[in-house]
Engineer: 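Handing you a structure now.
Quick caveat, the model's predicted, so the values are computed rather than measured. Read the numbers this way: they start at 1 and go in the same order the structure lists the ligands and their atoms.
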Amino acid sequence: MITELAKSYDTIEDPELIRSARVLAASLPVHLRQFLEEYRLEEPSALGVIAGLEIDESQLGPTPRHWRDSQYDSPALPQEIFFLLCGSLLGDVFGWATQQAGRIMHDVLPIQGHEHDEIGSNSLQHLSWHTEDAFHPCRGDYVALMCLKNPYDAATMVCDAADVDWSALDVDALFEAEFTQLPDNSHLPDYGMDDAGDPAVDLLRARSFELIRSWNDRPVKRPILSGDHESPYMALDPYHMKAEGWPARSLRAYEGLCRQIEANMKDVILRPGDCVFIDNFRAVHGRRSFRPRYDGSDRWLKRLNITRNIRGSRAWRPAADDRIIY
Ligand SMILES: NC(=[NH2+])NCCC[C@H](N)C(=O)O
Ligand SMILES: O=C(O)CCC(=O)C(=O)O
Ligand SMILES: [Fe+2]
């Protein structure tokens with residue numbers, strides 16, 4: 001089915017394909033749809049894995065040197081479609097104007113020159129654990145990763161909120177709007193920008209970069225936890241947090257949470273064909289360091305952001321069916 005579908009599209013970014021995704025997903029096997037629906041509704045785990053998708057590495061060809069080189073003629077288009085359909089059963093996929101040139105399907109791969117930068121395309125330096133897009137009020141409910149290659153078993157790290165002993169923490173303090181979360185580096189023009197080839201889009205993107213940059217100067221105070229006090233949702237990216245001026249109680253509560261998260265972090269090694277859905281409210285994640293090769297055989301993942309409430313970002317999008325947040 002996905003091989004047939006792939007013949008009709010040039011790129012996964014085709015708005016017609018993205019718009020049809022949930023309708024097309026109705027043709028996926030019922031046990032798969034059931035699995036994703038239970039994962040979404042019951043929250044049995046912060047991690048849902050669909051394994052067994054066929055990947056022929058010889059057919060994939062070399063890992064691109066940059067996400068910029070991957071959008072057209074993708075050798076993995078059938079797999080990308082499968083991943084899109086599965087993700088669309090959890091919610092609506094979306095992208096950021098300020099990340100990977102406003103694409104919806106991201107690449108996670110090591111980029112030459114980024115080895116020691118704090119960004120997903122680094123390698124020799126670990127990627128410190130975080131909530132995906134923690135700084136943004138429109139952050140996704142899920143961040144999904146599909147593995148195409150991982151020859152040296154670089155580990156993704158995940159901490160499930162279910163493994164945190166909330167009774168030992170000052171949960172009430174973490175529900176208070178006392179915490180400053182700054183934008184992460186992947187939304188900086190240096191990393192995320194590319195020419196759209198359309199002056200109107202380029203102008204909108206420039207405004208979006210400027211808005212996000214302005215949050216560095218005037219950080220908003222927000223809670224780290226939300227939802228149920230016994231089994232809370234969390235949003236934090238400590239690398240991009242500034243503890244300056246926080247009340248002593250808030251700081252203590254935050255440090256206690258970070259210690260627990262670090263103690264409960266687990267390695268998950270993605271294998272080619274694994275589609276991993278991370279609950280971005282119930283887990284934080286990161287990645288261990290590895291040595292990149294830059295010879296075409298490097299680790300290569302695809303990434304999707306998924307929201308259960310696309311209307312929540314309507315003020316940030318030019319049209320109801322536009323999936324890019326500006
Ligand atoms: N601590 C961090 N580095 N947070 C940001 C995470 C990486 C970011 N999502 C990226 O695409 O690169
Ligand atoms: O590479 C991984 O396994 C995770 C990447 C990630 O968390 C990110 O790019 O934000
Ligand atoms: Fe991430």
Engineer: I'd like to know whether CG of D198 has more than 12 heavy-atom contacts from other residues, nucleotides or ligands below 6.0 angstrom.
Structural biologist: yes
Engineer: I'd like to check which ligand 1 atoms, numbered from 1 as shown, lie under 4.0 Å from a non-hydrogen atom of H240.
Structural biologist: 1 (N), 2 (C), 3 (N), 4 (N)
Engineer: If you measure from each heavy atom of R299 to ligand 2, is any distance below 4.0 Å?
Structural biologist: yes
Engineer: For ligand 1, which atoms, with element, lie under 4.0 Å from some heavy atom of R303?
Structural biologist: 9 (N), 10 (C), 11 (O)
Engineer: Could you check atom 12 (O) of ligand 1 against the protein and tell me its nearest heavy-atom contact, residue, atom and distance included?
Structural biologist: G120 N, 2.7 Å
Engineer: What part of L127 sits under 4.0 Å from ligand 2 if we count only heavy atoms: the side chain, the backbone, both or neither?
Structural biologist: side chain
Engineer: Could you list the atoms of ligand 1 found under 4.0 angstrom from a heavy atom of S128?
Structural biologist: 1 (N)
Engineer: State the atoms of ligand 1, each with its element, that fall below the 4.0 Å cut-off from a heavy-atom position in Y239.
Structural biologist: 1 (N)
Engineer: Which ligand 1 atoms does E132 reach within 4.0 Å, using its non-hydrogen atoms?
Structural biologist: 9 (N)
Engineer: Less than 6.0 Å separating the ring centroids of W67 and H106?
Structural biologist: no
Engineer: Given that the side chain starts at C-beta and the backbone is N, CA, C, O, which of these parts of L301 lies under 4.0 Å from ligand 2, counting heavy atoms, or is it both or neither?
Structural biologist: side chain
Engineer: Do D107 and H66 pair up side chain to side chain, a donor and an acceptor below 3.5 Å, judged on atom types alone?
Structural biologist: no
Engineer: Look at atom 8 (C) of ligand 1 and say which protein heavy atom is nearest, naming residue and atom and giving the distance to 0.1 Å.
Structural biologist: S186 OG, 3.6 Å
Engineer: Among V158, D237, L145, which one puts a heavy atom closest to atom 4 (C) of ligand 2?
Structural biologist: L145
Engineer: Pull out every atom of ligand 1 sitting under 4.0 Å from any heavy atom of I119, numbered as shown with elements.
Structural biologist: 12 (O)
Engineer: Looking only at protein heavy atoms, which one is nearest to atom 8 (C) of ligand 2, and how far off is it?
Structural biologist: R303 NH1, 3.1 Å
